[in-house]
Amino acid sequence: MKSLCERSVIITGGATLIGQALAEAFVAANSKVTILDIDEAAGTALADKLGPAVRFIATDITHDDQLQAAVGQVEAEIGGVDILVNLACSYLDDGLASSRADWLTALDINLVSAAMATKTVHPALRRRGGGVIINFTSISAEVAQTGRWLYPASKAAMRQLTRSMALDLAEDGIRVNSVSPGWTWSRLIEEVSGGDRARTDQVARDFHILGRAGDPAEVAQVVLFLCSDLASFVTGADYAVDGGYSALGPEQLTPAIPRLAS
Ligand SMILES: NC(=O)c1ccc[n+]([C@@H]2O[C@H](COP(=O)([O-])OP(=O)(O)OC[C@H]3O[C@@H](n4cnc5c(N)ncnc54)[C@H](O)[C@@H]3O)[C@@H](O)[C@H]2O)c1
């Protein structure tokens, strides 16, 4: 996409599969990508794999000084920042049994650090005359899921934060949107399913209209669209990239009315 050419993109938490797909998509659009992640081994390996357009800076986004240093380094070495993708997350969640410390950790990574990353890149985006911010939320933002309290709450808050950011940053030429993926082939799903994509799709079939889990590249393409000039009138919006998960009601895929007659 022409409007993404030579753009400087920062992706927090970009060291795993969804981050990789995002980085690949931005590079294919001739952008320069910097991944900020605590996972130094995975981040370095990914940058090595994807070539000179992708850099990695080991950063714990829960530390303001590390965020500041990383963004300063990107500005100094690349010349600016145009796009921030708040992708990093923690799946730490023990529902009712979660401790206060767990709550604060999960919210710190999933929500507060996205606000702090935004605050940190804001002057850099203004120096470029504007930019785009993408916040990652989830289907979990709107439904109850057994045993999960922290993650869904953090993702619901992220949707509201997106609206607040969009309103206050518009005057700086910054658009802010969120994406809410459904089940996506990712590190955790790969681990839990033992790398079994067919089984993952089989389980996902019941609650995704499209009958399968999504691919990271499918999420990445929506992010690219939202970052491009094609989405120049889109801000404060949440985009479902969930194969119809959120469109499906409790009746799911099976016609319910016939059950009255049976
Ligand atoms: N995987 C899915 O099916 C799915 C579905 C809906 C939404 N999402 C969202 O997509 C995004 C990516 O999810 P994923 O499954 O790829 O997650 P993941 O756990 O594979 O990756 C998250 C990354 O964040 C990094 N991270 C964690 N704490 C950090 C910190 N303090 N500082 C810097 N980096 C930190 C991790 O090291 C990791 O690389 C998340 O925001 C998640 O909520 C994922």
Side-chain angles (χ1 to χ4, degrees), residues 10-24 34-47 56-71 84-93 102 104-117 120 133-143 145 148 150-159 161-162 177-193 197 200-201 203-204 207-208 210 212-220 222-223 238-243 245-246:
I10 291 178
I11 304 174
T12 71
T16 59
L17 293 180
I18 297 177
Q20 175 174 339
L22 281 174
E24 286 172 339
T34 306
I35 291 168
L36 312 185
D37 203 295
I38 36 169
D39 189 339
E40 202 160 347
T44 306
L46 185 56
F56 171 71
I57 304 175
T59 311
D60 183 339
I61 59 167
T62 63
H63 290 263
D64 293 343
D65 55 338
Q66 293 189 34
L67 270 175
Q68 197 68 55
V71 173
L84 168 68
V85 182
N86 285 311
L87 181 76
C89 82
S90 165
Y91 288 110
L92 173 68
D93 196 333
D102 289 347
L104 293 176
T105 299
L107 290 176
D108 195 5
I109 296 168
N110 292 0
L111 178 69
V112 179
S113 295
M116 292 302 112
T120 308
I133 296 170
I134 303 292
N135 293 327
F136 263 74
T137 88
S138 170
I139 46 175
S140 306
E142 288 210 342
V143 293
Q145 294 171 314
R148 300 183 96 185
L150 283 53
Y151 179 82
S154 72
K155 293 296 170 180
M158 194 72 144
R159 287 204 191 163
L161 180 62
T162 299
N177 293 292
S178 61
V179 292
S180 294
W183 276 30
T184 308
W185 185 249
S186 52
R187 177 193 59 82
L188 193 62
I189 289 182
E190 189 179 39
E191 275 173 24
V192 174
S193 70
R197 177 62 197 260
T200 301
D201 285 339
V203 175
F207 41 85
H208 294 76
L210 295 182
R212 62 176 175 85
D215 286 323
E218 293 175 306
V219 176
V222 176
V223 172
D238 180 62
Y239 268 60
V241 196
D242 64 3
Y245 178 109
S246 55

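Read the numbers this way: they start at 1 and go in the same order the structure lists the ligands and their atoms.
Tyr239 meets the ring pair (Phe, Tyr, Trp, His ring centres under 6.0 Å) test with no other residue; sequence neighbours excluded. With sequence neighbours excluded, the residues satisfying side chain to side chain donor-acceptor pair (under 3.5 Å) with Asn135 are Asn86, Thr162.
Of the protein's heavy atoms, Tyr91 OH, 2.7 Å lies nearest to atom 15 (O) of ligand 1.
A salt bridge links Asp215 and Arg197; the closest N-O separation between the charged side-chain nitrogens and carboxylate oxygens is under 4.0 Å.
When each atom of ligand 1 is checked for a heavy atom of Thr59 under 4.0 Å away, the hits are 32 (N), 33 (C). Atoms of ligand 1 lying under 4.0 Å from at least one heavy atom of Arg187, given by number and element, are 18 (P), 19 (O), 20 (O). Near Ile189, meaning under 4.0 Å from one of its heavy atoms, ligand 1 places the atoms 3 (O).
For Ile61, a nitrogen or oxygen atom sits less than 3.5 Å from a nitrogen or oxygen atom of ligand 1, counting backbone and side chain alike. Inclusion of Thr16 in the set of residues having an N or O under 3.5 Å from an N or O of ligand 1 is warranted. Residue contacts with ligand 1: Tyr151 is placed with a nitrogen or oxygen under 3.5 Å of a nitrogen or oxygen of the ligand (distance criterion only).
Within the set Thr137, Leu87, Thr62, the minimum heavy-atom distance to atom 9 (C) of ligand 1 is found for Thr137. Here the shortest heavy-atom distance to atom 31 (N) of ligand 1, taken over Ile35, Thr200, Leu46, Asp60, belongs to Asp60. By heavy-atom distance, the residue among Cys89, Ala88, Ser90 lying nearest atom 27 (C) of ligand 1 is Cys89. When the heavy-atom distances from atom 2 (C) of ligand 1 to Gly19, Gly13, Ala114, Ser186 are ranked, the shortest goes to Ser186.
The shortest separation from a heavy atom of Gly182 to ligand 1 is under 4.0 Å, placing the residue in contact. Using a 4.0 Å cutoff on heavy atoms, Trp185 does not count as a contact of ligand 1. At least one heavy atom of Ile38 sits less than 4.0 Å from an atom of ligand 1. Heavy-atom distances between His63 and ligand 1 stay at or above 4.0 Å for every pair.
Within the 4.5 Å cutoff, the side chain of Arg159 has heavy atoms near those of the Ser180 side chain.
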